[in-house]
Structure formats: C-alpha cells, structure tokens
Amino acid sequence: FLAIITAMEICYAARDQSPKAVEKWVKYLKYPSSEKLTKLHFFCHHLRGATAVTIARAAATAASPTYFGLMDVRDDPLTVGPDESSQRVGYAQGISAAASLEEISSYDLFTYVFTSREFNGSTLAVLGSCPLFAPSCEAAVVGGSGVFRLARGWVTARIYYLNFNAGKASLEVNVVALHY
C-alpha cells in the first residue's frame, strides 16, 4: 500500500509545477531505476497564415530559392490521426527558420504542448533541422516539463501531406522520450 501512495504522490508532483511540488518530486527520484521510456505517435498540421505566421525575413529572402532568412512563429495542432479534424492532443508551439543556403530546410525550436489524457499540461522541447524534400528527418528532444521532466530523446517526422503552394502540410511524428 505504501508503494502505491508513493507512486501516486510522484505522479501528482510531476503534474504540479509549483516550486515545492518540484522539490518533492526530485526527492522521490531514484536514478536510474525510475527512468521511463515513452513512445508517442501523432500528426502535426501546418497552415501558413493560420497556424504559422511570418515574423521576420531578410532583405535577400525574396531572391533566395531556399527562402533563406524567413522566420515563422507557429502554433500547429497535434492530432491522433492524419485528418485535421481528428482528436486534438496538443500543439507544436515555437519558431521555424529557413536557415540553409543549399536546400529548403526548416530549423525548428519548438515545444510540444500536450492538452489531453495522461500528458495534459506536460511539454517536450524539440530542436532540429528538417530538409523539406528528405524522406524523413530527426530532431532532438532536449527537455520537458510535467510528466516529461528531464526528458531526452528524439523525434522522427515524415511528410504525410504537402501542398507547398497553399502553405499546407501534415507531418507524421514519432517521439521516443526517456524521462523520470
């Protein structure tokens, strides 16, 4: 019974982000035995002008075949299925920049903000670069909050749907995260 209460307290403390709750959570942390592996699969939907807005562009961006210097802020919905109307599980919030002179590639700094189920209120911080026409790309999980405190891992993504002229895309996303 004591083990069940302790597990419940740890789970509650992972969701409560007050300084005292985080301190309590750290006290229960046992390296490495309490480390968890979580695998997630979802779809991220990008729509220029609606979920992604340009916030900066260099003078040379208009002449660049790779859009070098273009920067967007985004709040893309994450869903369970490939259809935009499927169940929402969160948002990808952050900044994307065209940072390559050689190819159309997105350098991304963003956070997956989860809004449903057991991960509600938790986040994963992601950093990486993704060439548009690569069959898939990989980014690093560099941290997290809530259930994903001390997270590290990787994200792989592939284009599920792309209409470049309309500025619309859907990515199939797989996350592997180690956390406490």
Full working for side chain to side chain contact (heavy atoms under 4.5 Å, CB included) between Ser116 and Val89: CA-CA 5 Å; Ser116 69; Val89 294; 3.6 Å; yes

Under 3.5 Å: donor-acceptor pair, side chain of Thr61, backbone of Phe68: yes

Contacts of His179 that satisfy ring-ring contact (aromatic ring centres under 6.0 Å, His included) - sequence neighbours left out: Phe148

Heavy-atom check, side chain of Arg152 versus side chain of Val141, under 4.5 Å: no

Pair Thr66, Ser100: side-chain N/O donor-acceptor within cut-off below 3.5 Å: no

Glu35 vs Tyr180 side-chain heavy atoms within contact, under 4.5 Å: yes

Leu132 reachable from Val155 in the ILVMFWY side-chain graph, under 4.5 Å edges: yes

Approximate separation, where rounding is to 0.5 Å, of Thr54 OG1 and Asp72 CG: 4.0 Å

Same apolar cluster (I L V M F W Y, side chains within < 4.5 Å links), Leu70/Leu101: no

Short N-O contact, Asp76 and Arg74, less than 4.0 angstrom: yes

Side-chain heavy atoms of Phe42 within contact of Thr79, under 4.5 Å: no

CZ on Arg48 to CG on Asn163, rounded to 0.5 Å: 12.5 Å

Donor-acceptor pair between Ser96 and Asp108 side chains, under 3.5 angstrom: yes

Closest non-hydrogen atom pair, Phe110 against Gly94: CB-CA, 3.7 Å

Side-chain donor/acceptor pairs under 3.5 Å, residues 164-175, sequence neighbours excluded:
residue, atom, partner, partner atom, Å
Lys168, NZ, Glu84, OE2, 3.1
Ser170, OG, His45, ND1, 2.8
Glu172, OE1, Arg158, NE, 2.8
Glu172, OE1, Arg158, NH2, 2.7
Glu172, OE2, His41, NE2, 2.7

Reported OG-to-CZ distance for the pair Ser86 and Phe43, which is rounded to 0.5 angstrom: 8.0 Å

Selection residues 86-108 - residue pairs positive for ring-ring contact (aromatic ring centres under 6.0 Å, His included), sequence neighbours left out: none

Residue pair Val126 / Thr111, side-chain heavy-atom distance below 4.5 Å: no

Tyr67, OH: over 12 other non-hydrogen atoms inside 6.0 angstrom: no

Distance-only side-chain donor-acceptor flag, Ser105 / Ser129, under 3.5 Å: yes

In one Ile/Leu/Val/Met/Phe/Trp/Tyr side-chain cluster, 4.5 Å: Leu37, Trp154: yes

Validation row: Glu118, Val147 side chains within 4.5 angstrom (heavy atoms): no

Heavy-atom side-chain contact between Phe114 and Leu124 under 4.5 Å: yes

Test item: Thr123 and Ser145 side chains (from C-beta on) under 4.5 Å apart, heavy atoms: yes

Nearest-0.5 Å distance, CG of residue Leu78 to OG1 of residue Thr115: 8.0 Å

Nearest-0.5 Å distance that lies between atom NZ in Lys36 and atom CG in Leu150: 10.5 Å

Heavy-atom side-chain contact between Pro77 and Thr51 under 4.5 Å: yes

Same apolar cluster (I L V M F W Y, side chains within < 4.5 Å links), Val142/Leu109: yes

